Number of protein chains: 2
Amino acid sequence: MLDELDGLLLAELQRDSSRTLRELGEVVGLSPSAVQRRIDRYRTSGLITREVAVLDAGLSATAVLTICLVTLRYESDQHHAEVRGRLLAAPEVQQVYAVSGDYDYVVVLATAGMAEYRDAGRRLFQNAPNIQRYTTLVVFDPIKTSTALPVTIG
Amino acid sequence: MLDELDGLLLAELQRDSSRTLRELGEVVGLSPSAVQRRIDRYRTSGLITREVAVLDAGLSATAVLTICLVTLRYESDQHHAEVRGRLLAAPEVQQVYAVSGDYDYVVVLATAGMAEYRDAGRRLFQNAPNIQRYTTLVVFDPIKTSTALPVTIG
DNA sequence: TCTGAAAGTTTTCATCC
DNA sequence: GGATGAAAACTTTCAGA
């Protein structure tokens, strides 16, 4: 179970994880070793899955982001597994969400350029089985790209 | 300008930034201090915008992710700025993409539960000016949530 | 611009509260 | 659980190539 200090600490870590244990301790009001013990717990429990550097999409110059809204032809587990496997294996695929609503999947692609996007789109959707239809939205401004989640305490 | 070593190093940092300079150096074939100099350059140039901990959406228990596809009523810069300002100010807003295609914005919301989502949706879209229509997709499985971008060398 | 070694911090870990 | 302090590890700095 998580208390308010965990909520605070996790919010800080989702905002900036590059600080030292002492700096984090000052923010949340704990000693460095107390901070460390909590962070260890998040890591071993799998609550923190990874720590990553986030690049500026604008400065990554020619990077093109596209969002594909995908509907499958068939709804069986096998067909879903097949599509997921294909998406996860593709290096261009940045994010995949299984959704309920007007579509089955929302897929964010990050490619080095427009030509690379066309290739990926054809390979993953156009010439692929089980895809009934898909719509592409080209991102011209990635206004906010956080991964922060709310932490429920208690 | 970035060389192949930068491309390698940036890919590694986007995958796992929690490693030491020595470990990273072993992966890319550089000494710890050479790695550090390059990372410093990424940080001061703004290519690396931040370093964050990524939480497991499943273990974050009651966290609900939703994706809203939003169309504005008017296309002027002022109207866009107004909507963006509102979205950026909301703590529930995890990601915002300005897109071209069938919609104007793709917005990812992360809320502590369904009730919180309903509040946020009403506040940000239903009872808000300039929103012509919006569709909500409820995420029932965040299959992949990376932020990795391709790095163009040269 | 890289390497390698010395100096300065941070993290780790055992111990006590 | 949390704090403290010593040891180990890491990062930073700087001389030399």
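Numbers restart at 1 for each chain; the letters A, B, ... are given by sequence-line order, proteins then strands. Values in this document were obtained by computation on a predicted structure and should not be read as measured data.
Remark: A:E51 engages A:R43 in a salt bridge (Lys or Arg N to Asp or Glu O under 4.0 Å) (not counting sequence neighbours). For B:D3, the salt bridge (Lys or Arg N to Asp or Glu O under 4.0 Å) test picks out B:R38, with sequence neighbours left out. Legend: residues meeting salt bridge (Lys or Arg N to Asp or Glu O under 4.0 Å) with A:R37, ordered by chain and number and at least two apart, are absent.
Residue pairs meeting the salt bridge (charged side-chain N to carboxylate O under 4.0 Å, His left out) criterion with at least one partner in residues 140-154 of chain B, sequence neighbours excluded, are A:R84-B:D141. Each side-chain hydrogen bond (donor to acceptor under 3.5 Å, both in side chains) pair with one or both residues in residues 109-121 of chain B, not counting sequence neighbours, appears once here: B:Y117-B:T136. Within the structure, the salt bridge (charged side-chain N to carboxylate O under 4.0 Å, His left out) test picks out no pair touching residues 20-34 of chain A (sequence neighbours left out). Applying the salt bridge (charged side-chain N to carboxylate O under 4.0 Å, His left out) rule to pairs touching residues 95-104 of chain A yields nothing, sequence neighbours excluded.
Within residues 11-29 of chain A, the residues approaching DNA chain C are A:T20, A:L21, A:R22, by heavy-atom distance under 4.0 Å. If you check residues 37-44 of chain A against DNA chain D, the residues with a heavy atom closer than 4.0 Å are A:R37, A:R38, listed by number.
Between atom CG of residue A:L137 and atom OG1 of residue A:T66 there is a gap of 9.0 Å, rounded to the nearest 0.5 Å.
Scanning atom types as modelled, one donor and one acceptor separated by under 3.5 angstrom connect the side chain of B:S33 and the base of C:dG4.
Atoms CG (B:D6) and C1' (C:dC2) sit 14 Å apart, rounded to a whole Å.
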